[in-house]
Enquirer: 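So that we are looking at the same thing, I have put the structure below in C-alpha cells.
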Amino acid sequence: MSAIDHGLSQNKRRTCIDVAAGVGHACFKSVVISRINCRMMRPNRLNSYFASLTTLKGVGPKIGQAFARLLRGDVLLDARRIDLLLHMPVAVIDRSLQPSLAEAPDGMIVTVKLTIDKHLVPPRHNKRVPYRILAHDETDEITLTYFHANGGYLERQMPVGSVRYVSGRMERFNGAPQITHPDHVVDEDDFALLPLIEPVYPLTAGLSGKLVHKTVQACLEDMPPLPEWQDKALMDREGWPAFHEALDRVHNPLGLADLDLTSGARRRLAYDECLASQLALSLVRSNVKKAKGLARQWQGKLKGALIDALPFTLTGSQQQAIAEIEADLALPERMLRLVQGDVGSGKTMVALMAAADVIESGSQAAMMAPTDLLARQHYQSVKALCDAVGIRVAVMTGKDSAGVKRQTLAALEKGDIDFLIGTHALFQQAVIFADLGLAIVDEQHRFGVHQRLTLSDKGVATDLLVMTATPIPRTLVLTHYGDMDVSLLTEKPAGRKPIETRTMSLDRLGELVSRLTSALEIGAKCYWVCPLVEESELLDVTAAEDRYESLKQVFGGRVELIHGRMSAEEKKSAMDHFKDGDAQILVATTVIEVGVDVPEATIMVIEHAERFGLAQLHQLRGRVGRGDKASSCILLFQGPLGAIAKERLNMMRETEDGFRIAEADLRLRGEGDVLGTKQSGMPGFRVTDAEVHKDLMEMARKEARLLIEKDPGLEGKRGEALRDLLYLFGRDEAIRLLKAG
C-alpha cells in the first residue's frame with residue numbers, strides 16, 4: 001500500500017473532497033495526489049496567503065473551527081487567510097455620529113464621550129437584574145446596561161471617574177438615555193483606532209463581527225504585495241486599485257459606497273475571480289482540444305433515415321444545432337459543445353442525430369443521464385426510431401441485475417451495441433467500449449467538469465456533447481460552461497399550443513378537484529406534484545402519499561403514485577399505468593421534473609407552488625403541452641405570499657419564455673440555486689455577483705482565451721502572476737493541467 005494510503009491525515013483527505021466531489025472513487029487517489037502536488041508547487045510568495053488562521057494571535061483551535069465552518073463549510077477543513085480576505089462584508093455600521101447626550105437621536109448608533117460615575121451591581125441571587133453603569137457628559141446622564149455581565153471585567157474596563165468613548169445604539173428608557181451592551185468602550189488613546197465606519201460580515205456561531213474584523217486586519221497587515229496579473233491598460237481605463245489595496249478598501253470602507261458591488265475595489269476583485277474562473281475553463285478546453293481529435297467521415301444516410309422516420313419536422317434551430325455539431329465532428333480536434341434549449345425544444349432528437357453520424361462513421365455513442373428514470377425514459381423515446389434504422393441501442397443503470405449488466409458489458413466491448421444510454425454506471429472501470437466516439441451528457445449541471453471528462457476519456461478522441469434541460473442565463477453559461485461552444489434551441493416543435501397557467505389558493509382545493517372530475521370524464525390525464533416540505537425525503541414522500549390517498553378516495557384506481565424512494569420496477573410500473581393504462585392522475589414528487597414524456601397529459605397541478613424556484617416550476621410545467629391539445633398548469637399556493645413568491649408566480653403566469661424565466665430566477669435566487677450546485681460540490685463565487693458583474697464575465701472570457709492562445713503554459717512574466725491568481729481563487733486543478741501539459 002502506498003504512502004498516500006497510509007500517510008494522508010483525515011484533514012488532508014477532507015481538504016480534497018471539494019475537488020474529488022463527483023469524480024468517482026476510481027479517480028479519488030489521483031485527485032488527492034494532484035491537490036497535494038499543487039500545494040507543493042505553490043510559490044513561496046503565496047505562503048502567508050494560505051497560512052492557517054490559527055497562526056494568528058487570538059485564533060485558537062476552537063475559534064479556528066468556527067472560522068472553518070463559516071469559510072469552508074466544514075470544521076475539518078482548515079480556514080486559511082485568503083479564505084477570510086475573500087469573505088466580503090455585506091453592510092457597514094456608521095459610528096461617525098458623535099453628539100452630546102442631549103442631542104443624541106433615539107434609535108441611532110452614536111459614539112459619545114462619557115465620564116463614569118457609578119457601578120450598580122445586581123444582587124447575586126437574582127440574575128435577571130442587569131448590571132448598570134451610570135455615566136454623564138456635560139449635557140445629560142446615561143445608563144449603560146449589561147445582562148449576565150462579568151462585573152469584575154466591567155469595573156476594570158470602566159473604573160469610576162475615568163473618561164470613556166462608548167459606541168452603541170441610543171435608546172430611551174422612561175425618557176432617560178440608555179445604551180444596552182455597547183459595541184465599543186475605549187479610552188482616549190484607543191479612540192483614535194476605533195473604526196467609525198465598521199464593516200458587517202456574515203457570521204456563524206462562535207464568531208462576533210468584532211473578532212472577524214480584527215482577524216481580517218491581522219491578515220491584511222501580513223500580506224506581502226504580489227506581482228500584478230491584470231493588464232495595465234485595463235487597470236488605468238477602469239480606475240481599479242491593486243489587489244491588496246482593493247482588499248483593504250473593502251474591509252476598511254470609508255462608507256457604504258465602498259461596499260457597493262459597482263465600486264472600483266469590488267469590481268477589481270470580481271474581475272480577478274471571473275478571470276481565474278475563465279482561465280481555468282480555457283485551460284480545460286485547451287487540454288481537451290490538445291488531445292488529438294478525429295475528423296469523422298460519414299455520408300448522412302443514417303441521419304436521413306431517422307429524419308424520414310420522424311412523425312414531425314425538425315425545427316429550424318434543431319437543424320442549425322445539428323449543422324454546428326456536424327461541423328465540429330468533421331474537424332480533427334475533439335468537440336466540446338453545449339446544446340442549450342427550453343423545455344420541449346427537442347434536445348434529445350439533436351443528440352440522436354449526432355449519435356447517428358458518429359455511428360455511421362464506425363464508432364459508438366453513449367448518453368449519460370442523472371437518474372435511472374430519465375435514462376430509461378430516453379431509451380424508450382429513441383428505441384423505436386433506432387430499431388427502424390438499424391441502430392443497436394441498449395440501456396444500463398446501477399439498478400440492473402448482475403446478469404443483465406454482464407451481457408450488456410460484453411456486447412459493448414465486442415462492438416455489438418452502437419448506442420448505450422445510462423447513468424453514473426457508465427463511469428465504472430468495468431465499462432469498456434469497443435470505440436466510443438461520442439459522449440452525450442444530459443442535465444450536465446448535475447455533474448462536474450471532471451465527470452464529463454471522465455466519460456469522454458472512455459474512448460480515443462471522444463467528442464463531447466452536453467445538453468441542458470433548462471435555459472441558463474448567459475452569465476452562468478460563461479461561468480460554468482466557458483470551456484464549451486454553445487448551440488441554442490429557441491423554438492418548440494410545430495403544432496404545440498401555449499400552456500394556460502393559473503394560480504389558485506389551497507383554500508379552493510375542493511373546487512379544483514370538482515373541475516378535475518369533469519376533465520377526466522373526457523379522457524384528460526393529470527400530473528399532481530407535491531413539494532419537498534423540508535430537506536427530508538421522508539417528509540417529501542409523506543406529502544405525496546397523503547395527497548395520493550385523498551385523491552384515491554375520489555378517483556379510485558385512476559390515481560397512481562411515484563416518488564424517489566420507490567424501486568426502479570415500481571416507478572416503471574406506475575409510469576406505464578399512467579402512460580398506457582387506465583391511470584389518469586399521477587401524484588408525484590419532483591422526480592418527474594425532467595425527461596418524463598407523456599403527450600396525453602394536459603394538466604399539471606403543482607401543490608405549494610410558492611415553495612419552488614422559478615426554473616423548477618418552468619421544468620414541471622414543461623411536462624404538459626407536449627402534444628397537440630390545449631394544456632393548463634395550476635399553481636396551488638398557501639397564502640399569505642411573500643414578495644418573492646408572489647413575483648415568481650406572477651412571472652409564471654406572464655410568460656413561457658424559459659430564457660426570461662431563467663434570468664428572473666437568477667435575480668431572485670442566485671447562481672447556486674439556479675444551477676442546482678449549492679449541494680453538488682461545484683465551485684461557487686465569493687466576490688462576483690452573476691447579475692451585477694455579467695459584463696466582467698464576458699470580458700474575462702475573451703481575455704482568458706486570448707491569454708491561453710498567446711501563452712498556453714502561462715510561462716511568461718504575466719503568466720507567472722496569473723498562476724498566483726489561479727491559486728488565490730481556488731482553481732488548483734488548472735495548475736495541475738498546466739504541469740501535466
Side-chain angles (χ1 to χ4, degrees), residues 296-330 337 339 341-369 374-396 408 411-412 415-422 436-440 442 463 465 467 469 487 489-497 572 575-576 579-580 594-601 622-623 625-629:
R296 303 189 185 279
Q297 297 179 351
W298 68 94
Q299 294 181 323
K301 292 180 179 178
L302 205 50
K303 183 189 74 174
L306 280 173
I307 291 173
D308 290 341
L310 290 175
F312 52 82
T313 303
L314 294 174
T315 65
S317 57
Q318 280 178 311
Q319 294 175 32
Q320 175 67 27
I322 292 167
E324 289 167 351
I325 291 166
E326 289 181 335
D328 287 350
L329 293 175
R337 182 163 290 276
V339 176
D342 206 343
V343 175
S345 58
K347 295 174 292 297
T348 304
M349 282 302 108
V350 171
L352 181 58
M353 299 302 161
D357 289 337
V358 170
I359 291 165
E360 188 179 336
S361 76
S363 297
Q364 295 165 300
M367 178 187 286
M368 185 178 67
L374 186 51
R376 295 185 187 281
Q377 183 80 37
H378 278 315
Y379 174 69
Q380 291 298 330
S381 68
V382 302
K383 188 176 188 312
L385 282 170
C386 288
D387 289 347
V389 301
I391 294 175
R392 297 167 296 179
V393 63
V395 63
M396 185 179 76
T408 304
L412 187 69
D416 292 340
I417 293 174
D418 300 315
F419 189 18
L420 180 64
I421 300 172
L436 179 61
L438 175 65
I440 304 163
D442 191 16
D463 292 301
L465 181 66
M467 304 190 298
S487 294
L489 298 181
T490 55
E491 306 166 71
K492 287 189 178 181
R496 295 205 175 169
K497 297 181 179 178
K572 184 177 184 304
M575 282 302 305
D576 289 346
K579 185 174 183 180
D580 304 317
V594 292
V596 175
D597 190 3
V598 181
E600 297 79 16
R623 296 307 104 208
R626 304 177 80 84
D628 55 1
K629 295 179 182 177

Enquirer: Any non-hydrogen side-chain atom of L412 less than 4.5 Å from a side-chain atom of Q364?
Expert: yes
Enquirer: Looking only at non-hydrogen atoms, find the nearest pair between S487 and R337 and report the distance.
Expert: OG-NH1, 2.9 Å
Enquirer: Kindly indicate whether the side chain of V598, heavy atoms from C-beta on, has any atom under 4.5 Å from the side chain of M575.
Expert: yes
Enquirer: If you compare all heavy atoms of V382 against all heavy atoms of V393, which two are closest, and at what distance to 0.1 Å?
Expert: CG2-CG2, 4.4 Å
Enquirer: Could you please spell out the steps behind the side chain to side chain contact (heavy atoms under 4.5 Å, CB included) verdict for T315 and L489?
Expert: CA-CA 9 Å; T315 65; L489 298 181; 5.5 Å; no
Enquirer: Taking all non-hydrogen atoms of both residues into account, name the closest pair between L374 and A369 and its distance.
Expert: CG-CB, 4.1 Å
Enquirer: Go through it in stages, so that I can follow the logic: the residues are M349 and L385, the test is side chain to side chain contact (heavy atoms under 4.5 Å, CB included), and I'd like the CA-CA distance, side-chain angles, deciding distance and then a yes or no.
Expert: CA-CA 10 Å; M349 282 302 108; L385 282 170; 3.9 Å; yes
Enquirer: Between A321 and V350, what is the shortest heavy-atom contact and its length?
Expert: CB-CG1, 4.2 Å
Enquirer: With a 4.5 Å heavy-atom cut-off, do E326 and M353 have their side chains touching?
Expert: no
Enquirer: So if I apply the salt bridge (charged side-chain N to carboxylate O under 4.0 Å, His left out) rule between R296 and each of D357, D328, D463, which one comes out positive?
Expert: D463
Enquirer: Does some side-chain heavy atom of C386 sit less than 4.5 Å from a side-chain heavy atom of L352?
Expert: yes
Enquirer: Rounded to the nearest 0.5 Å, what separates atom CG in L438 from atom CG in L329?
Expert: 6.5 Å
Enquirer: So, for K301 and E360, which heavy atoms are closest and what is the spacing to 0.1 Å?
Expert: N-OE1, 3.1 Å
Enquirer: If every non-hydrogen atom of A375 is compared with every non-hydrogen atom of V395, which pair is closest and at what distance?
Expert: O-CG2, 4.2 Å
Enquirer: Find the distance between CE (M368) and CD1 (I440) and round it off to the nearest 0.5 Å.
Expert: 11.0 Å
Enquirer: Going from NZ on K572 to CD on Q377, what distance comes out if it is rounded to the nearest 0.5 angstrom?
Expert: 11.0 Å
Enquirer: How long is the gap from CG on L302 to CD1 on I391, to the nearest 0.5 Å?
Expert: 4.0 Å
Enquirer: Should we say atom CD of Q319 is surrounded by more than 12 heavy atoms from elsewhere, each under 6.0 Å from it?
Expert: yes
Enquirer: Please collect all salt bridge (Lys or Arg N to Asp or Glu O under 4.0 Å) contacts where either partner lies in residues 378-390, sequence neighbours excluded, each pair once.
Expert: K383-D387
Enquirer: Are the side chains of V389 and D308 in touch, meaning some heavy atoms are under 4.5 Å apart?
Expert: no
